[in-house]
**Q** 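Take this structure first; my questions come after.
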Amino acid sequence: MNEVREDISQTLQLGKPKWRGRLWLWSSLAALIAVAALWFAVLRPGGAERVEYETATASRGDLVVTVTATGTIEPTNLVEISSELSGTLASVEVDFNDTVTVGTVLARLDTRKLEAQLLIAKASLDAAIARVAVAQALLDDAREKYEAALDLEARGVTSQQVFSTKQAAFKRAQAELQSAVADRALAEANLDLHQTDLDRACICSPIDGVVLDRTVDPGQIVAASLSAPILFTVAQDLEQMELQVNVDEADIGSVAVGKKASFTVDAYDEKQFLAEITQVRVSPEIVDGVVTYKTILTVDNSDLLLRPGMTATADIVVAEISDALVVPNAALRYTPPQEMDTGDDEDRSGLLGMLIPDMQDAGAEIDNKTLWILKDGVPQEIAVTAGQTDGRMTVIQHGSLVEGDVLITDQIDG
């Protein structure tokens with residue numbers, strides 16, 4: 001009996017390691033199966049990948065297309081006033097922001113020298129007038145003597161020598177009168193010249209307006225011999241201003257006289273000012289290689305909020321489309337990701353496919369004539385003809401797109 005028990009005990013001890021080895025083997029197989037199932041269910045490309053889309057809806061509405069340009073507010077008529085004469089300023093009669101009218105005295109030069117020159121010119125004219133009177137009297141006397149000698153010569157009473165003398169004296173008196181008359185005209189011109197200089201010593205406003213700038217003070221010497229300095233700047237009627245903007249060459253084709261615009265200035269961030277284009281200049285302005293064209297817009301400034309020199313940003317309306325079928329620009333930019341073509345029509349899968357990204361979309365051009373819509377949850381591509389855009393929405397002119405279609409604007413891979 002004891003021998004039987006010993007045999008059974010030995011048998012059990014011999015079978016114990018074999019049972020444990022089989023258990024470890026089955027556990028390992030179960031783990032491998034779980035990993036494979038997880039890979040096929042989750043990680044395998046295209047296996048159970050869930051795709052979500054960001055969408056928008058095609059709708060009808062109004063579209064306003066604008067061109068943005070920046071510039072400055074300027075008076076419609078700006079006059080820079082200088083002095084035609086050199087001299088010392090005796091007085092300055094106006095200051096900044098003063099309102100002036102035509103003829104208002106802005107400043108006066110010291111006129112003592114000009115007044116003395118005017119008196120000399122008047123005296124010269126008086127002397128010239130007297131010389132004309134003397135020459136006229138001499139001419140009258142010479143004419144009488146010549147006519148008497150002519151009568152005697154006709155009757156043969158006087159000699160030829162006496163007649164010739166009287167005739168020469170008469171012609172000499174005529175020439176002296178002409179010279180005296182010329183001297184009188186010269187004296188009159190000199191008088192007018194000095195009178196004009198004296199009048200110009202008064203620097204006056206040529207227009208009605210407001211003094212924007214004053215660069216001189218009493219006692220300052222003005223030298224106008226080479227380049228006349230600007231003494232005053234006067235703006236005419238600040239209630240009517242103009243906005244001068246620089247329009248980029250890419251947008252100038254859609255800008256024309258009569259187009260409406262609105263603009264803002266930094267001083268009044270929330271206020272929109274209205275303007276209208278009155279001039280589009282042909283001459284280009286090139287700054288750092290950028291070509292722009294100066295465009296002038298009229299501005300009503302009856303409330304006097306705008307001031308010369310303010311920087312403004314204008315939105316010029318170049319097109320207005322009513323009741324159009326419009327879509328977001330993001331929908332026109334969307335294209336579904338494409339898988340890389342390996343050249344042997346084999347699917348890229350497994351760990352290599354996970355590590356190497358799909359480069360098909362890198363640098364791809366946006367097809368702005370294609371839209372992707374969702375129908376019953378399935379993406380479908382449709383061809384359209386795009387029209388005007390305001391930078392956010394685009395008009396669809398032709399195509400099978402209808403109002404209410406759901407557009408794909410982006411894709412989220414789940």
Side-chain angles (χ1 to χ4, degrees), residues 72-136 177-242 244 296 301 304 306-310:
T72 56
I73 303 294
E74 300 293 345
T76 54
N77 186 18
L78 190 68
V79 179
E80 294 177 338
I81 301 172
S82 303
S83 173
E84 297 183 33
L85 302 177
S86 298
T88 302
L89 284 172
S91 64
V92 176
E93 307 291 337
V94 297
D95 204 349
F96 295 92
N97 301 336
D98 285 352
T99 301
V100 296
T101 58
V102 176
T104 298
V105 177
L106 307 179
R108 297 180 187 273
L109 291 172
D110 187 347
T111 60
R112 289 175 294 179
K113 181 178 179 180
L114 296 176
E115 291 172 350
Q117 291 175 341
L118 182 63
L119 292 175
I120 293 173
K122 288 182 177 179
S124 297
L125 177 60
D126 292 340
I129 293 173
R131 288 194 296 272
V132 170
V134 171
Q136 183 65 54
L177 177 61
Q178 291 179 349
S179 177
V181 170
D183 289 342
R184 183 185 62 185
L186 179 60
E188 290 175 346
N190 285 331
L191 179 62
D192 292 340
L193 178 62
H194 289 293
Q195 182 64 57
T196 301
D197 286 344
L198 184 60
D199 294 340
R200 288 176 178 173
C202 176
I203 303 172
C204 302
S205 174
I207 61 172
D208 298 339
V210 177
V211 177
L212 298 184
D213 192 18
R214 174 180 65 83
T215 61
V216 290
D217 293 300
Q220 186 172 335
I221 297 176
V222 177
S225 56
L226 298 178
S227 178
I230 297 174
L231 308 181
F232 300 93
T233 301
V234 178
Q236 183 179 21
D237 190 11
L238 293 182
E239 293 186 0
Q240 291 296 323
M241 305 280 278
E242 66 181 26
Q244 301 180 5
I296 310 301
N301 190 36
L304 298 179
L306 300 174
R307 299 187 180 187
M310 282 186 169

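It should be emphasised that the depicted structure is a prediction, and the values quoted were computed from it without experimental measurement.
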**Q** Do Pro218 and Val92 make a side-chain contact, defined as non-hydrogen atoms from C-beta onward lying under 4.5 Å apart?
**A**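 In contact.
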
**Q** Just wondering, do Arg131 and Val134 contact through their side chains at under 4.5 Å, heavy atoms?
**A**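 They are not in side-chain contact.
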
**Q** Kindly write out the residues that satisfy side chain to side chain donor-acceptor pair (under 3.5 Å) with Ser82, not counting sequence neighbours, or none if the list is empty.
**A**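 Applying side chain to side chain donor-acceptor pair (under 3.5 Å) to Ser82 gives none.
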
**Q** Can you name the residues that form a side chain to side chain donor-acceptor pair (under 3.5 Å) with Ser83, not counting sequence neighbours?
**A**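 Applying side chain to side chain donor-acceptor pair (under 3.5 Å) to Ser83 gives none.
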
**Q** Strictly by salt bridge (Lys or Arg N to Asp or Glu O under 4.0 Å), give each pair with a member in residues 211-224 just once, sequence neighbours left out.
**A**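 Every salt bridge (Lys or Arg N to Asp or Glu O under 4.0 Å) pair that includes a residue of residues 211-224, provided the two are not neighbours, is Asp95-Arg214, Arg214-Asp217.
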
**Q** Less than 3.5 Å apart, which donor and acceptor atoms pair up between the side chains of residues 231-240 and the rest of the protein, not counting sequence neighbours?
**A**
{"unit_1": "Gln236", "atom_1": "OE1", "unit_2": "Asn77", "atom_2": "ND2", "d": "2.6"}
{"unit_1": "Asp237", "atom_1": "OD1", "unit_2": "Glu239", "atom_2": "N", "d": "3.2"}

**Q** With Thr99, which residues qualify under side chain to side chain contact (heavy atoms under 4.5 Å, CB included), at least two apart?
**A**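 Partners of Thr99 under the side chain to side chain contact (heavy atoms under 4.5 Å, CB included) test: Val210.
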
**Q** Begin from the C-alpha positions of Leu85 and Val222 and carry the test side-chain contact (heavy atoms from CB on, under 4.5 Å) through to its verdict.
**A** CA-CA 8 Å; Leu85 302 177; Val222 177; over 6 Å; no

**Q** Can you name the residues that form a side chain to side chain contact (heavy atoms under 4.5 Å, CB included) with Lys122, not counting sequence neighbours?
**A**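 For Lys122, the residues satisfying side chain to side chain contact (heavy atoms under 4.5 Å, CB included) (neighbours in sequence not counted) are Leu118, Leu191.
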
**Q** Taking the side chain from Ser86 and the backbone from Ala224, do they hold a donor-acceptor pair closer than 3.5 Å?
**A**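 The answer is yes, because a donor-acceptor pair under 3.5 Å joins these two groups.
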
**Q** Can you pull the side chain to side chain donor-acceptor pair (under 3.5 Å) pairs that have at least one residue in residues 177-194, sequence neighbours excluded?
**A**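 Those involving residues 177-194 do not exist here.
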
**Q** Please test Ile73 against Asn301 for side-chain contact (heavy atoms from CB on, under 4.5 Å), starting from the C-alpha separation and ending with a verdict.
**A** CA-CA 11 Å; Ile73 303 294; Asn301 190 36; over 6 Å; no

**Q** List for me each residue that meets side chain to side chain donor-acceptor pair (under 3.5 Å) alongside Ser91, sequence neighbours excluded, and say none if there are none.
**A**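 Glu93.
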
**Q** First locate atom CZ of Arg108, then atom CG of Leu89, and finally report the distance between them rounded to the nearest 0.5 Å.
**A**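 Reported to 0.5 Å precision, the distance equals 12.0 Å.
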
**Q** Which residues satisfy the side chain to side chain contact (heavy atoms under 4.5 Å, CB included) test with Thr111, sequence neighbours excluded?
**A**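 So Thr111 forms a side chain to side chain contact (heavy atoms under 4.5 Å, CB included) with Glu115, Leu198, Ala201.
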
**Q** Which residues satisfy the side chain to side chain donor-acceptor pair (under 3.5 Å) test with Thr101, sequence neighbours excluded?
**A**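 With sequence neighbours excluded, Thr101 shows a side chain to side chain donor-acceptor pair (under 3.5 Å) to Thr104, given in chain and number order.
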
**Q** Donor-acceptor pair, Asp110 side chain versus Arg112 backbone, under 3.5 Å?
**A**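 Checked: pair present.
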
**Q** Can you list everything that forms a side chain to side chain contact (heavy atoms under 4.5 Å, CB included) with Pro206? Sequence neighbours excluded, please.
**A**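 Partners of Pro206 under the side chain to side chain contact (heavy atoms under 4.5 Å, CB included) test: Val79, Ile81.
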
**Q** Find the distance between SG (Cys202) and CG (Leu109) and round it off to the nearest 0.5 Å.
**A**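 Between atom SG of Cys202 and atom CG of Leu109 there are 9.0 Å.
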
**Q** Which residue pairs pass the side chain to side chain donor-acceptor pair (under 3.5 Å) test when at least one of the two sits in residues 197-212, sequence neighbours left out?
**A**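 The answer is Glu84-Arg200, Gln195-Asp199.
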
**Q** Rounded to the nearest 0.5 Å, what separation is found between the CD atom of Glu242 and the CD1 atom of Ile296?
**A**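 Answer for the CD-CD1 pair, Glu242 versus Ile296, is 5.0 Å.
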
**Q** Return the minimal non-hydrogen interatomic distance between Leu125 and Ala187, and the atom names on each side.
**A**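 So the minimum-distance heavy-atom pair works out to CA-CB, 3.4 Å.
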
